[in-house]
Amino acid sequence: MTGETAAMLVAGAAAGGFINGLAGFGTALFALGFFLEAMTAMQAVSLVVILSVVSGVQGVVLVRREMMANQRRLMRFLLPAILGIPIGIASLDYLEAGTLKLVIGFFLVLYGGFFALRRNLPQITGDRHKTDMSVGFLGGLLGGAASLSGALPTMWCSMRPWSKGETRAVLQPYNVAVLMIAIILFWFRGAYTAETLYHLAVAVPASLIAAQLGITVFKRLNDGLFRRLLVVMTFIAGTVLLSREAVAMLHL
């Protein structure tokens with residue numbers, strides 16, 4: 001492992017861990033941009049799903065009671081996701097790192113726009129079981145392809161008239177479960193080699209330390225400051241990633 005690779009691993013793991021501790025999601029959105037500079041798309045995604053699970057398990061423990069009370073709702077998202085995960089993983093055989101970077105950058109900017117406009121979004125009421133299932137499936141597909149399983153469900157659930165506890169009781173276990181399944185499938189595909197273990201040895205401590213820092217900052221923020229900080233971080237990360245890829249394409 002070169003010094004440059006180690007630096008990218010630490011930077012990506014720290015960025016992903018911090019945002020997960022701060023916001024409860026987003027490990028892949030902030031880590032993959034760094035990881036893809038040092039490894040293939042398959043290596044980067046297989047690594048970041050582990051970091052996402054490591055960071056997310058603590059959140060599942062926090063919402064275990066709400067999760068048990070909303071099992072049926074959770075299953076509407078999770079069961080279709082199981083079908084989408086292998087399709088997403090299979091797509092990695094055809095995706096180039098540059099394409100994946102553009103997708104990630106797009107989602108970062110989309111996340112920022114979503115939270116910036118969140119107060120003006122309508123509250124969607126009524127039974128939306130089919131939409132829940134569709135969002136769950138697409139989340140599973142994105143989870144397998146880019147460890148982005150939480151992006152669409154987060155946006156959709158935030159527009160539903162659920163309490164914070166109900167929303168998190170769907171999103172947190174959904175995301176962790178999808179990515180745990182992705183880890184198993186990556187394992188069978190031979191993605192976890194000795195090199196991956198070396199990468200994990202460097203990345204996991206950085207991710208855990210950064211996550212604790214994120215949690216500390218989160219406890220000190222009020223809702224307004226938290227929203228502004230999240231919007232700034234997502235827009236900056238997305239803009240930098242898209243700009244970097246655009247420059248690389250111009251030099252081809």
Side-chain angles (χ1 to χ4, degrees), residues 16-17 19-21 23-32 35 41-64 66-68 70-93 95 100 103-104 107-108 110-111 114 128-158 160 162 166-189 191-192 196 200 204 207 211:
I19 193 62
N20 194 287
F25 60 89
T27 301
L29 288 171
F30 284 84
L32 277 175
F35 291 171
M42 178 68 77
Q43 289 175 319
V45 176
S46 63
L47 178 62
V48 84
V49 293
I50 292 180
L51 296 182
S52 299
V53 169
V54 168
S55 300
V57 166
Q58 58 188 347
V60 173
V61 175
L62 291 175
V63 296
R64 60 187 182 277
E66 291 88 349
M67 183 176 66
M68 294 303 295
N70 294 278
Q71 290 184 57
R72 291 185 179 180
R73 180 183 294 164
L74 173 60
M75 289 300 106
R76 288 204 300 271
F77 287 86
L78 185 55
L79 294 180
I82 294 173
L83 300 177
I85 296 168
I87 298 174
I89 291 178
S91 71
L92 287 173
D93 291 332
L95 282 176
L100 195 52
V103 173
I104 295 163
F107 270 99
L108 283 168
L110 190 62
Y111 255 48
F114 165 68
R128 306 282 179 165
H129 294 182
K130 291 182 179 179
T131 305
D132 290 347
M133 295 174 67
S134 298
V135 170
F137 172 79
L138 292 174
L141 193 153
L142 289 174
S147 190
L148 294 172
S149 56
L152 292 179
T154 296
M155 295 175 195
W156 171 245
C157 290
S158 295
R160 300 287 280 149
W162 302 336
E166 289 176 321
T167 299
R168 189 160 184 168
V170 170
L171 293 177
Q172 199 93 57
Y174 169 87
N175 200 39
V176 170
V178 167
L179 296 180
M180 287 183 70
I181 295 170
I183 289 172
I184 295 171
L185 294 178
F186 276 123
W187 182 276
F188 281 113
R189 288 173 64 92
Y192 296 113
T196 307
L200 283 171
V204 169
S207 181

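Computation of the quantities below employed the complete heavy-atom set of this structure, encompassing side-chain atoms and omitting hydrogens, waters and symmetry-equivalent molecules. These numbers come from a predicted model, not from an experiment.
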Stepwise side chain to side chain contact (heavy atoms under 4.5 Å, CB included) check, V204 with L51
CA-CA 7 Å; V204 169; L51 296 182; 3.8 Å; yes
Checking F30 against N20 for the side chain to side chain contact (heavy atoms under 4.5 Å, CB included) test, could you report, in this order, the C-alpha distance in whole Å, the side-chain angles of both residues, the deciding distance, and whether it holds?
CA-CA 9 Å; F30 284 84; N20 194 287; over 6 Å; no
For the pair I50 and Y192, evaluate side chain to side chain contact (heavy atoms under 4.5 Å, CB included) and give the outcome as yes or no after the intermediate values.
CA-CA 11 Å; I50 292 180; Y192 296 113; 3.4 Å; yes
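Atom-to-atom distance recorded for R76:CZ and R72:CZ is 9.5 Å, nearest 0.5 angstrom. For the atom pair I181 CD1 and L78 CG, the distance stands at 6.0 Å (nearest 0.5 Å). Atom CG of L47 is separated from atom OG1 of T196 by 7.0 Å, given to the nearest 0.5 angstrom.
With hydrogens and angles ignored, the 3.5 Å screen pairs no side-chain donor or acceptor of Q172 with any backbone N or O of A169. The main-chain N or O of L171 is never found under 3.5 Å from a side-chain atom of N175 such that the two would form a donor-acceptor pair.
Between Q43 and F35 the shortest side-chain heavy-atom distance does not fall below 4.5 Å. In this structure the side chain of P86 reaches within 4.5 angstrom of the side chain of L185, judged on heavy atoms.
Classified by interplanar angle (parallel below 30°, tilted 30° to 60°, perpendicular above 60°), the ring pair Y174/F77 is perpendicular.
The two residues V48 and A31 come nearest to each other via the heavy atoms CG2-CB, 3.7 Å. Taking every heavy atom of both residues into account, P173 and M67 meet most closely at CB-SD, 3.3 Å.
Under the 6.0 Å distance and 45° angle rule, R73 counts as a cation-pi partner of W162.
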